[in-house]
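Have a look at this one.
Whatever order the structure lists ligands and atoms in, that order sets their numbers, starting from 1. Atom set for the values below is all heavy atoms of this structure, side chains included, hydrogens, waters and symmetry mates excluded.
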Amino acid sequence: MHIGFLGLGNMGGPMAQNLLKAGHEVSVFDLSAPAVAALVSAGARDAGSVAAIAKAEVEVIITMLPAAAHVKQVYLGEDGLLAGLPAGVLLIDSSTIDPLSAREVAKAAAARGNPMLDAPVSGGTLGAAAGTLTFMVGGAKADFERAQPILAAMGKNIVHCGDAGNGQVAKVANNMLLGISMIGVAEAMSLGVALGIDAKVLAGIINSSSGRCWSSEVNNPFPGVLENAPASRGYSGGFGTDLMLKDLGLASEAARQVRQPVILGALAQQLYQSFSQQGNGGLDFSAIIELYRQGDRP
Ligand code: NAD
């Protein structure tokens with residue numbers, strides 16, 4: 001299949017590589033010339049512009065862009081995709097954006113005869129490279145079924161979450177909980193250690209008791225508890241504090257739009273924001289435990 005791919009950054013680059021590996025013909029565009037060059041050397045075609053992708057006789061277009069403003073510009077802008085696209089081309093936006101913006105763009109696409117899915121991902125850059133991403137997909141069921149084999153070249157777990165925007169709803173709700181649960185684990189681990197228990201013993205108890213969650217079991221924030229977690233390598237790699245901050249901002253904004261209280265989500269957002277302001281935005285978000293541990297370092 002001939003697929004257009006826009007946004008070849010940390011996530012989009014490896015995702016487009018996996019489409020090539022699966023045997024698809026891929027035409028690409030990114031504002032960054034080195035990002036395009038990397039894909040061209042793997043066999044992709046350089047489309048040259050957003051407008052050229054729209055005219056490249058592709059059957060499907062996938063976008064993986066930083067935020068809602070970029071998505072709106074690429075789809076709705078004067079030289080954007082919708083201005084030049086033939087009807088029927090399936091559009092898939094995998095960027096993480098707020099659900100209402102996703103619905104707005106999907107509505108404009110539908111008005112031009114282009115079905116659209118929001119399909120944000122979890123799994124990070126490692127999942128993007130390994131082709132094991134989770135896709136949370138919003139849009140019509142028939143369009144989801146059309147997209148399924150394409151998404152399967154980039155991910156393992158592909159879930160239809162309901163109508164347009166619901167992929168983004170699933171993503172913001174899950175990531176808000178993740179941001180909160182990490183702070184909870186950081187607080188509990190720090191309390192236990194300050195009171196004298198060994199960090200590994202405490203993590204073992206939590207992970208076989210009712211406090212267990214992904215943040216305690218897979219990405220425990222306490223250094224030395226899990227050999228392969230970012231906490232044991234100076235919080236490098238993993239999911240950056242600033243990316244978590246972005247997702248908590250989307251959750252707060254989406255909550256405001258429907259007047260739904262997100263009390264712990266807002267508190268978590270402020271804690272990550274303070275931590276980022278202190279120069280830690282590039283560290284894995286589990287480093288938030290440093291807010292609790294500054295006094296008990298050896
Ligand atoms: P990135 O900044 O590495 O890549 C974005 C790419 O989009 C860049 O190469 C940029 O040049 C390109 N771009 C921006 N405007 C463009 C335009 N008008 N036309 C063409 N290209 C344009 O970001 P990323 O880490 O790849 O993340 C992409 C999306 O995936 C974000 O919405 C992010 O929240 C989400 N996400 C990221 C991760 C992660 O771990 N990095 C995990 C899950 C979801």
Among all protein heavy atoms, pick the one closest to atom 36 (N) of ligand 1 and tell me residue, atom and distance.
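I find the closest protein heavy atom is Thr96 OG1, 4.0 Å.
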Which atoms of ligand 1 are found less than 4.0 Å from any heavy atom of Ser95?
32 (O)
Taking only Lys NZ, Arg NE, NH1 and NH2, and the carboxylate oxygens of Asp or Glu, determine whether Glu253 and Arg256 approach each other closer than 4.0 Å.
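Judged by the 4.0 Å cut-off on N to carboxylate O distance, Glu253 and Arg256 do form a salt bridge.
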Applying a 4.0 Å heavy-atom criterion (strictly less than), which segment of Lys171 is in contact with ligand 1: side chain, backbone, both, or neither?
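Contact part for Lys171 vs ligand 1: side chain (C-beta onward).
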For a quick check under 3.5 Å, do His70 and Ser95 share a side-chain donor-acceptor pair by atom type?
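Distance-only check fails for His70 and Ser95.
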Side chain, backbone, both or neither: which part of Ile97 comes within less than 4.0 Å of ligand 1 when only heavy atoms are counted?
neither
By side-chain contact (heavy atoms from CB on, under 4.5 Å) - contacts of Val172 (at least two apart)
Leu250, Ala251
Do Gln148 and Leu151 have side-chain heavy atoms sitting under 4.5 Å apart?
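They are not in contact (no side-chain heavy atoms under 4.5 Å apart), so the answer is no.
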Classify the contact between Val74 and ligand 1 as side chain, backbone, both or neither, using a heavy-atom distance cut-off of under 4.0 Å.
side chain
Can you find a heavy atom in the side chain of Leu178 that is under 4.5 Å from one in the side chain of Met244?
yes
Looking only at heavy atoms of Ser122, does any of them come nearer than 4.0 Å to an atom of ligand 1?
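No, Ser122 has no heavy atom closer than 4.0 Å to ligand 1.
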heavy-atom search around atom 19 (N) of ligand 1 in the protein gives Phe29 CE2, 3.7 Å
Sub-4.0 Å atoms of ligand 1 with respect to non-hydrogen atoms of Leu243
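Selected atoms, number and element: 39 (C), 40 (O), 41 (N).
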Which is closest to atom 5 (C) of ligand 1 in terms of heavy atoms, Ser32, Gly7, Ala128, Pro66?
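Ranked by closest heavy atom to atom 5 (C) of ligand 1, first place is Pro66.
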Would you say Met11 has any N or O atom under 3.5 Å from an N or O of ligand 1, going by distance alone?
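Yes, there is a polar N/O contact under 3.5 Å.
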Supply the atom-to-atom distance Thr132 OG1 to Asn18 CG, rounded to the nearest 0.5 angstrom.
9.0 Å
Per side chain to side chain contact (heavy atoms under 4.5 Å, CB included), Asn219 is matched among Asn228, Leu226, Asp284, Val185 by Asp284
Student check: side-chain heavy atoms of Leu6 and Ile53 closer than 4.5 Å
yes
Under 4.0 Å from atom 23 (O) of ligand 1, is there any protein heavy atom?
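Within 4.0 Å of atom 23 (O) of ligand 1, no protein heavy atoms are found.
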Protein contact to atom 30 (O) of ligand 1 [nearest heavy atom, distance to 0.1 Å]
Met64 CE, 3.1 Å
Could you identify the single nearest non-hydrogen protein atom to atom 4 (O) of ligand 1 and state the distance to 0.1 Å?
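Here the nearest protein heavy atom works out to Gly9 CA, 3.2 Å.
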Once you measure the plane-to-plane angle for Phe285 and Tyr272, does it fall in the parallel (<30°), tilted (30-60°) or perpendicular (>60°) bin?
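Phe285 vs Tyr272 ring planes: tilted.
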Ser276 side chain to Thr241 side chain, donor-acceptor N/O pair below 3.5 angstrom:
no
Considering distance alone, does some N or O of Lys246 sit under 3.5 Å from an N or O of ligand 1?
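Yes; the residue has a nitrogen or oxygen that sits under 3.5 Å from a nitrogen or oxygen of the ligand.
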Option of least heavy-atom distance to atom 25 (O) of ligand 1 (set: Leu6, Leu65, Asn10, Leu8)
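Nearest heavy atom to atom 25 (O) of ligand 1 lies in Asn10.
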From atom 11 (O) of ligand 1, work out which of Val36, Leu31, Val28, Asp30 has a heavy atom at the shortest distance.
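Minimum heavy-atom distance to atom 11 (O) of ligand 1 goes to Asp30.
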